[in-house]
Amino acid sequence: MNHPEAAASSSGPSYGFGAAAAPYGAEEAVRLWRRGADGAVLLDGFHALKHALRFGARVPVAVAVDRAAALALADELAPDVRETLAALLTEVPEPAYRALVARPHPTGVAALADRPAREANLRALAHAPRRAPVVVLDDPRNLGNAGAVIRLAAGFGATGVVTTGTLDPWHPAVVRGGAGLHFATAVERMDVAELPAGPVYALDPEGEDIRRVTLPDDALLAFGSERSGLSEVLRARADRLVALPMRAQVSSYNLATSVGMALFHWSAGGEGGE
């Protein structure tokens, strides 16, 4: 389930320019970037910007090393946002672009977006009845894995992704791994005690084979950290432990792979016998 109303509301900086504003000069774009970078969401690359715009992100400033090449890419891969990109992108010299981003993207495109308001995301996560699960990552450690999970959740139409622990799910490396699809679902960090209501189905090797379980639409699907699995507090909150099928002597799956398998099982209706 997508929540464009959450994406459109923001708590980050606003400069009075919408996505349809005319491009600035290069110097003005760089000045606006530097003024607004703190607290903004870095959209690193063409695809992150494309996805963010599709799902209602507010983008005060966007730059490209080669504006014509970026628009040609839009013609090929994203004609639905081509007009918006044409109105938004400002061409800047490559040295200026490299000074703005820590890891230059091969497409030479970057933008800043306002982060969705936490209050709006919490409303989306708590809305009942839910028509799709919430994915809970219990104390994840790998930024790229977290981004890949958010991309999966957006693709399956999950209600949202919640992380516990210290990892910031809006860290630039997570947003990069999620290809800008944070704006297609509700993404927040919460304590276990703050998780939205709903039955918690926690993935654990000791659980019941997931193939015999029907995952309800309002489930919270909880996944332990890549290193240590489920925390005791999350395990205590779980209503049911379920396990993914796995060949003997294989220790684990990648976190994003596990989430993808569980979401596919849910989306297929879960051929459980209940």
Side-chain angles (χ1 to χ4, degrees), residues 2-10 12-37 40-116 144 147-148 150-157 170-185 187:
N2 298 323
H3 298 284
E5 71 279 6
S9 177
S10 67
S14 296
Y15 315 114
F17 303 105
Y24 322 112
E27 290 185 4
E28 176 69 2
V30 170
R31 186 184 68 82
L32 285 170
W33 185 292
R34 289 176 174 161
R35 191 177 81 187
V41 178
L42 173 62
L43 299 173
D44 197 6
F46 173 85
H47 300 291
L49 176 57
K50 167 193 73 178
H51 283 138
L53 291 174
R54 281 177 174 168
F55 290 98
R58 177 178 169 77
V59 179
V61 59
V63 299
V65 172
D66 187 335
R67 185 173 181 273
L71 293 178
L73 198 58
D75 287 332
E76 179 184 359
L77 301 177
D80 56 311
V81 295
R82 199 272 186 197
E83 183 177 348
T84 301
L85 286 168
L88 181 63
L89 282 170
T90 299
E91 185 165 298
V92 298
E94 185 170 359
Y97 163 74
R98 289 182 173 273
L100 297 178
V101 296
R103 295 175 57 198
H105 193 273
T107 58
V109 173
L112 296 180
D114 291 349
R115 178 168 172 168
I150 291 165
R151 188 171 185 173
L152 277 165
F156 277 100
W170 287 87
H171 186 284
V174 182
V175 177
R176 183 174 182 138
L181 284 163
H182 284 58
F183 295 91
T185 190
V187 178

Could you pull out all residues at least two apart from His51 that satisfy side chain to side chain donor-acceptor pair (under 3.5 Å)?
-> none
Do Arg82 and Leu71 have side-chain heavy atoms sitting under 4.5 Å apart?
-> yes
Closest approach of Ala64 and Val109, non-hydrogen atoms and distance?
-> CB-CG2, 4.1 Å
Can you name the nearest heavy-atom pair linking Ala40 to Gly36, along with the distance?
-> CB-O, 3.2 Å
Any donor and acceptor pair, going by atom type alone, linking the side chain of Arg176 with main-chain N or O of His171 inside 3.5 Å?
-> no
Considering the options Thr84, Leu53, Leu89, Leu112, which one meets the side chain to side chain contact (heavy atoms under 4.5 Å, CB included) requirement together with Val59?
-> Leu53
Find out whether Trp33 and Thr90 are in side-chain contact, i.e. whether some heavy atom of one side chain is under 4.5 Å from a heavy atom of the other.
-> no
With sequence neighbours left out, the residues meeting salt bridge (Lys or Arg N to Asp or Glu O under 4.0 Å) with Arg98 are Glu94
Sub-4.5 Å side-chain heavy-atom contact between Val30 and Glu27 = no
The reported gap from CG in Leu181 to CD1 in Ile150 (rounded to nearest 0.5 angstrom) is 9.5 Å
Looking only at heavy atoms, which two atoms of Gly180 and Leu43 are closest? And how far apart?
-> CA-CD2, 4.5 Å
Contact check, side chains of Phe55 and Pro116, non-hydrogen atoms, under 4.5 Å = no
Of all heavy-atom pairs linking Arg34 and Ala99, the shortest is NH2-CB, 4.2 Å
Beyond-backbone contact of His105 with Tyr97, side-chain heavy atoms, under 4.5 angstrom = yes
Side chain to side chain donor-acceptor pair (under 3.5 Å) with Asp66: which residues, sequence neighbours excluded?
-> none
With sequence neighbours excluded, residues passing side chain to side chain contact (heavy atoms under 4.5 Å, CB included) with Ala78 = Phe46, Lys50, Arg54, Asp80, Val81
Heavy-atom closest pair (Glu91 atom, Val65 atom, distance to 0.1 Å) is CG-O, 3.4 Å
Do the non-hydrogen side-chain atoms of Val175 and Asp44 ever get within less than 4.5 Å of each other?
-> no
What distance separates Arg151 CZ from Thr185 OG1, expressed to the nearest 0.5 Å?
-> 14.5 Å
Residues two or more places apart in sequence or in another chain: which of them pass salt bridge (Lys or Arg N to Asp or Glu O under 4.0 Å) with Arg31?
-> Glu28
Exercise: identify the closest heavy-atom pair between Ala113 and Pro60 | CA-CD, 4.0 Å
